[in-house]
Amino acid sequence: MAEAGSFADKVKQQADIVRVVGEYVRLKKSGQNFTGLCPFHSEKSPSFAVHPVKQIYHCFGCGVGGDVFQFVMEMEKCGFPEAVRTVAEKCGIAVPAPRERSPEERKENQQRAQLVEMHREAQAFFVKCLEGTAEGKAARAYLEDRGLDKEAMARFGLGYAPSGGDVLLRHLKQRYPDKLLLESGLISRDQSGRLFDRFRRRVIFPIANEAGKIVAFGGRALGDDMPKYLNSPETPIYSKSNVLYHMDRAKEALRRQDFAVLVEGYMDAIAVARAGVSNVVASCGTSLAEAQIKLLGRFTKRVVVNYDPDTAGQAATERSLALLLEQDFEVRVLALPPIGDKKADPDLFIREKGAKAYLQQLKEAPPYVDYLIARARQMDLSSGEGKLRAVNYLMPYLQKIPNKLLRSEWATRISQQLRVDEPVLRESLRKAAAERRSEVKAKPELVGRPARPVERRLIRMLAEAEEFRVVLAQQLQESQLYLGLETEKIIAALILANLSGEPVQVTELTGMLEERERRLLFEILFEGPMEATWAEAESCLEALRKRQMERELAELQRQIEASAPGPQMRALLERKQTLMRQMLPPPAPAERPQ
Ligand SMILES: [Zn+2]
């Protein structure tokens, strides 16, 4: 990423990763490395390590790793240029003025900045309307009725859009051209070409992006106006499927608690956050988008889905479940018990039963399979046909469970709970449990099969043995002994780096590697001190050579067994003899024939 001679490269040469990481993580010296509690997953004993010589970090728990820029990008959730700037600032390196952008790019950036500024102004306007107007009084009464006091209204930036039809328009049109007003989605145009406010007579919820900038609004109708909820349209600064409500305020808690509570609406998110659960986000609407899941996945892979208990909410829960499972989330489902005869969404439940009762429910939220079985049991199970329907409903979810043992456990449980005695149904459940749908991506293995010690040693030498790493690379290249190894790609990348004549920069290699291989490489580089001799390198090469011969021998044996007697078989047998002689250690002196 950091091209030689570039500013990023300069920063990288001068920056000290221990100092930069140390600003986020309490690091302790441990041998040649520094260790601490991983900031990317929750843990009690440190498995996060920083290598001061190689200037890299690696977590043996969750597998993250990279150089100082990657660390800052992950930590600050920012892009590469911003990470370079941040590191430069932290290390006191002067930052050059940004490169001149293309005119279009500059114009787009300018427009986005203006739209963000317009939203900030609109937000202040809506807040003022809620606080200080006669109309706003009704909105305040509505919110108070929903249990929100002044402090809560201020904390979540709630506002009010008056009914006039052009109140916001008049407020904004001095400063912004019509075209930009229409771009913002705050102002619409009717058929006669007249401009008017999109939000009228509505309680306003500001929607912020991840960085906390307001980019859209949601409006709840105060009267019987339809629709009940109205959102900003898609604009240059807002894409519904990329934003989760309350994400900007939930980030820290998501990281700290390592799970998210996912709710449907603004009011739910606010109620849950006020109950003390800051790690709550709302999908704002019943369907969760894949981009929203990916956004959440950058902070945690564990989620409790707490959607409304109505039919739409249940359908949404099931749709979201499928999506979350596909993205490898660990999912629990909280279906709140009804209050009296009223179905309870999080907002209502907390208002009626209090924060403590909600927290208890949250703690006891069952894994999603339990939730689904409970749903299936509500179906008519009196007939074989009904049971078939219930089993078919559960099957696709069952097949998304990554772990095979767990799948078969659940299959047994399903047949018990649904009283499936029919052999045919039991058989199809058993079958479903035995195979996992290929559409579901398998969990990436943390590290593949542990690489053999010989390969690990060679990798270490290729990266660090300054006296002979280049010669070693040449020999491996010529003999091709590394082909077919578990670590083939890692070794190939290291050979290439060695033969380039430059010093080996570990983080430059990672572009050529899969994530799994990158992790393995980092893990190997963090292994204790490395003092290697050329003799050891030779013995490693010898071990590879032997392994290659063993493989050839096995292949020969296979061919011999498959072929009929004749000249071909004789040739195979001869080759086998030669190989076996080569593989035998030289006889010990005492056994030497006299
Ligand atoms: Zn970690």
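Any value given below was found using the heavy atoms of this structure, including those in side chains, with hydrogens, waters and symmetry copies removed. Each ligand, and each atom within it, is numbered from 1 in the order the structure gives.
- Using a 4.0 Å cut-off between charged nitrogen and carboxylate oxygen, Arg547 and Glu455 count as a salt-bridge pair.
- With respect to the salt-bridge test (charged N to carboxylate O, under 4.0 angstrom), the residues Glu82 and Arg85 do not qualify.
- Neighbouring protein atoms of the Zn ion (ligand 1) (N, O or S, distance under 2.8 Å, waters ignored): Cys38 SG, His41 ND1, Cys59 SG, Cys62 SG.
- In this structure, Arg519 does not pair ionically with Glu523, as no charged nitrogen and carboxylate oxygen lie closer than 4.0 Å.
- Other residues, nucleotides and ligands contribute only 12 or fewer heavy atoms inside 6.0 Å of the NZ atom of Lys213.
- Other residues, nucleotides and ligands contribute only 12 or fewer heavy atoms inside 6.0 Å of the NZ atom of Lys353.
- Between the side chains of Tyr393 and Glu318, a donor-acceptor pair is found at a separation under 3.5 Å.
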